[in-house]
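Inspection log for the structure reproduced underneath, given as structure tokens.
Note on naming: letters A, B, ... go to the chains in the order of the sequence lines (proteins, then strands), and numbering restarts at 1 for each one.
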Protein chains: 2
Amino acid sequence: MSILNAIREKLDDLHPKERELAEFLLERPQQAVQMTILELAQQSGSSTATVSRFCRSFHFQNFTDFKMRLAAELAQQPAQVQYQDIVAGNPLQEIVSAITANHLRSLTDTTRLLDLTQLRAAIAALHSARRIDLYGAGTSGMIAQDFFHKLIRIGKAANVYSDPHLQITSAASLTDQDVAVGISYSGETLETINALRCATEQGATAISITKFGNTSLAGHASIRLFTSSSEAGMRRGDMASRMAQLHVVDILFTGLVSEHFDEYVPRLESSFHMVRRYTGKEEREIP
Amino acid sequence: MSILNAIREKLDDLHPKERELAEFLLERPQQAVQMTILELAQQSGSSTATVSRFCRSFHFQNFTDFKMRLAAELAQQPAQVQYQDIVAGNPLQEIVSAITANHLRSLTDTTRLLDLTQLRAAIAALHSARRIDLYGAGTSGMIAQDFFHKLIRIGKAANVYSDPHLQITSAASLTDQDVAVGISYSGETLETINALRCATEQGATAISITKFGNTSLAGHASIRLFTSSSEAGMRRGDMASRMAQLHVVDILFTGLVSEHFDEYVPRLESSFHMVRRYTGKEEREIP
DNA sequence: TGACGAAAAGAAAATAATTTACGCCACATC
DNA sequence: GATGTGGCGTAAATTATTTTCTTTTCGTCA
């Protein structure tokens with residue numbers, strides 16, 4: 001942050017208009033680097049001449065040089081705004097920063113919370129499962145879908161259900177050779193809990209993916225995986241939590257493939273090529 | 001290295017002079033970002049017009065925009081762990097680190113590539129849309145689903161289709177008051193391209209969400225949103241790209257809600273409470 | 001109190017940079 | 001060999017930036 005720091009240090013020594021400009025730059029550097037000198041001058045209440053002089057006074061070759069270097073500096077570390085809920089009329093740039101920060105935070109927190117032992121147990125269970133059932137509702141249903149997509153790519157006998165009746169119907173036919181995965185961020189989704197309970201009763205290995213804490217769903221699972229839990233923020237919805245859950249799914253899947261590389265990778269590559277072959281643009285172009 | 005990657009990928013498709021330019025950029029990007037368009041044209045053996053056209057063909061606003069984003073990209077410290085593919089028998093801890101790094105990188109790269117103008121245009125289009133159609137196949141279909149979940153929460157007349165026949169059927173009935181969103185990481189999914197083309201023909205506003213570069217899908221959209229593009233890595237699948245796409249969806253949605261706070265937030269809160277009321281554990285516990 | 005000078009800052013002119021319109025040329029097609 | 005198409009450069013138009021010149025403001029000193 002050397003450029004912005006240098007500006008901040010000099011703030012008191014600057015002429016009034018330059019100071020206004022400097023303050024604008026410190027406040028909204030991201031926007032500033034996208035502007036022309038005229039836009040910047042107008043928005044900061046000065047003139048193009050002042051901006052130009054300002055850049056030279058800081059020993060940049062010219063305005064463009066200044067803009068480039070500032071852009072490079074800003075790219076170094078993304079702004080850290082914390083777990084914000086949606087509020088009215090935020091500048092778009094701030095929304096972008098806030099969401100990015102939320103998501104990054106969510107992923108790193110989740111990584112930190114991961115229990116390698118549980119992860120290994122989950123991978124082992126998935127690997128030796130005869131059949132894999134996935135349960136989830138709403139957004140967590142989508143996570144389950146995603147996991148499903150991945151599992152069938154490596155030829156696993158997986159199923160995914162978001163219909164409560166089907167969930168139970170399927171769970172009822174599981175055996176002790178099977179695995180059921182219940183996904184629910186809150187860990188309190190009744191349908192998912194019931195499906196996992198039912199699976200457990202049939203002797204299946206139950207894996208839960210919930211937010212960190214002692215949630216009901218985790219209570220019914222023998223293998224528990226957790227994602228970071230941020231304060232709710234009903235407006236924000238489940239954006240960050242969904243990222244975290246996908247993150248866990250990705251790690252599970254990658255761990256699974258990596259540990260049984262020779263078995264799964266050929267299937268993975270085959271599915272990749274087949275999808276290309278049968279859906280790719282090159283062979284079927286419509287004129 | 002999204003921008004340079006995108007250039008590298010397109011290298012074979014470029015016209016001779018553009019190609020020379022591209023090769024120069026790939027070889028000496030650091031120098032390139034310090035030059036004016038004339039210098040760059042001369043040193044790469046082309047003309048200013050060619051450079052300008054080149055930048056636009058990659059969907060940058062103009063040469064300056066290109067230079068700024070490239071400078072920002074070059075300023076990024078090389079990540080400790082780079083976009084890794086799945087390999088055999090890695091220690092689990094390393095897998096976790098690698099995936100986390102991949103995902104973080106994917107999000108920050110995508111954020112850096114976001115074009116606020118396009119984003120604003122997309123938000124405005126979505127807001128005033130009479131009807132919103134979402135198209136996607138495979139994993140991108142899931143992203144479309146996710147967006148759909150969000151849009152119906154705020155009472156938008158949205159639909160999501162992954163069946164190609166339904167996509168076209170629905171697209172055919174769009175009007176110039178409607179919006180169609182095509183999602184495809186590769187930007188080359190034929191079904192999605194056709195659906196978006198059809199929508200465009202009906203006069204609907206077309207929004208694309210693809211990896212960065214000049215992809216076919218983006219070519220058929222009037223509003224183009226991009227995610228970071230990493231080298232393929234077929235085993236890794238589309239984990240990081242999916243994160244990036246969701247990231248864009250989240251930003252779109254949050255921006256939409258934030259800009260029209262009074263209209264959307266009550267609906268959002270209502271949907272939140274209703275889901276709680278009708279599916280929550282507290283009222284329906286099974287003993 | 002008024003005159004002078006220094007410095008700040010804008011207007012406008014000058015310059016530089018970038019985009020666009022236009023047209024030429026090469027190559028392909030019939 | 002005529003005609004069309006598309007790549008590409010030149011130059012004109014546009015836009016952006018810098019510099020010069022002028023006005024204004026404020027402080028100092030007679």
Side-chain angles (χ1 to χ4, degrees), chain A residues 3 7 10-26 28-72 285 287, chain B residues 3 7 10-25 28-72 115-118 213-214 216 219-220 222 224:
Chain A
I3 297 176
I7 294 177
K10 284 275 171 196
L11 210 55
D12 296 333
D13 305 347
L14 296 172
H15 310 145
K17 286 289 166 182
E18 286 186 324
R19 201 181 148 137
E20 279 182 57
L21 169 60
E23 279 165 357
F24 181 89
L25 287 171
L26 291 172
R28 308 225 279 279
Q30 289 283 2
Q31 274 131 293
V33 294
Q34 312 247 55
M35 298 177 185
T36 68
I37 198 170
L38 181 63
E39 288 169 331
L40 181 56
Q42 285 170 343
Q43 301 229 10
S44 68
S46 63
S47 66
T48 60
T50 300
V51 177
S52 179
R53 279 191 286 252
F54 175 88
C55 295
R56 293 183 155 285
S57 83
F58 276 86
H59 304 300
F60 292 100
Q61 289 184 0
N62 49 37
F63 174 70
T64 309
D65 183 43
F66 168 75
K67 225 170 41 167
M68 299 280 289
R69 287 175 195 275
L70 185 55
E285 178 105 50
Chain B
I3 297 174
I7 294 176
K10 280 281 167 194
L11 211 53
D12 296 334
D13 304 348
L14 294 173
H15 309 145
K17 285 289 164 182
E18 286 186 324
R19 201 180 148 140
E20 277 182 58
L21 169 59
E23 279 165 358
F24 181 89
L25 287 171
R28 308 224 281 279
Q30 289 287 0
Q31 274 134 292
V33 294
Q34 311 250 56
M35 299 179 184
T36 68
I37 198 171
L38 181 64
E39 289 168 330
L40 182 55
Q42 286 169 343
Q43 302 229 7
S44 69
S46 62
S47 67
T48 60
T50 299
V51 177
S52 180
R53 279 191 287 251
F54 175 86
C55 295
R56 290 183 157 288
S57 82
F58 276 86
H59 303 298
F60 291 100
Q61 289 184 354
N62 48 39
F63 174 70
T64 310
D65 184 43
F66 167 75
K67 227 170 40 168
M68 300 285 287
R69 287 179 196 270
L70 186 56
D115 182 330
L116 290 186
T117 312
Q118 295 288 301
N214 58 354
S216 303
H220 291 286
S222 60
R224 303 173 240 265

With sugar-phosphate meaning primed atoms plus P, OP1 and OP2, does B/Ser47 contact a base, only sugar-phosphate, or nothing at under 4.0 Å between heavy atoms? base
Considering every strand and a 4.0 Å limit on heavy-atom distances, what is the contact class for A/Thr48: base, sugar-phosphate, or nothing? base
Could you tell me whether B/Asp13 and B/Arg19 have a side-chain N and a carboxylate O separated by less than 4.0 Å? no
Just the rounded figure in Å: distance from [atom2] of [N] to [atom1] of [X].
X	N	atom1	atom2	result
A/Phe60	D/dT18	CZ	P	13 Å
A/Asp65	D/dA16	CG	C1'	16 Å
A/His15	C/dA6	NE2	P	15 Å
A/Arg19	C/dA8	CZ	C1'	16 Å
A/Leu14	C/dA7	CG	P	16 Å
A/Gln42	C/dA11	CD	C1'	14 Å
B/Glu39	C/dT18	CD	P	9 Å
B/Phe66	C/dA17	CZ	P	18 Å

When A/Glu18 and B/Asn62 are each assigned the nearest nucleotide of DNA chain C, the 5'-most assignment goes to A/Glu18
Between B/Leu38 and B/Arg53, the residue closer to the 5' end of DNA chain C by nearest nucleotide is B/Leu38
Does any part of the side chain of [Y], heavy atoms only, come nearer than 4.5 Å to the side chain of [X], both counted from C-beta?
X	Y	result
A/Phe66	A/Ile3	yes
A/Phe60	A/Leu70	no
B/Asp115	B/Arg69	yes

For a side chain to side chain contact (heavy atoms under 4.5 Å, CB included) with A/Thr64, tell me which candidate from B/Met68, B/Lys67, B/Gln34 qualifies. B/Lys67
Counting only side-chain heavy atoms from C-beta out, which of [options] sits nearest to [X]?
X	options	answer
A/Thr64	C/dA11, C/dT18, D/dT17	D/dT17
B/Ala49	D/dT17, C/dT20, C/dT18	C/dT20
B/Thr50	D/dT19, C/dA21, D/dC8	D/dC8
A/Arg56	D/dT17, C/dT18, D/dT18	D/dT18
A/Ser46	C/dT18, C/dA8, C/dG10	C/dG10
B/Ile37	D/dT19, C/dT19, D/dG9	C/dT19

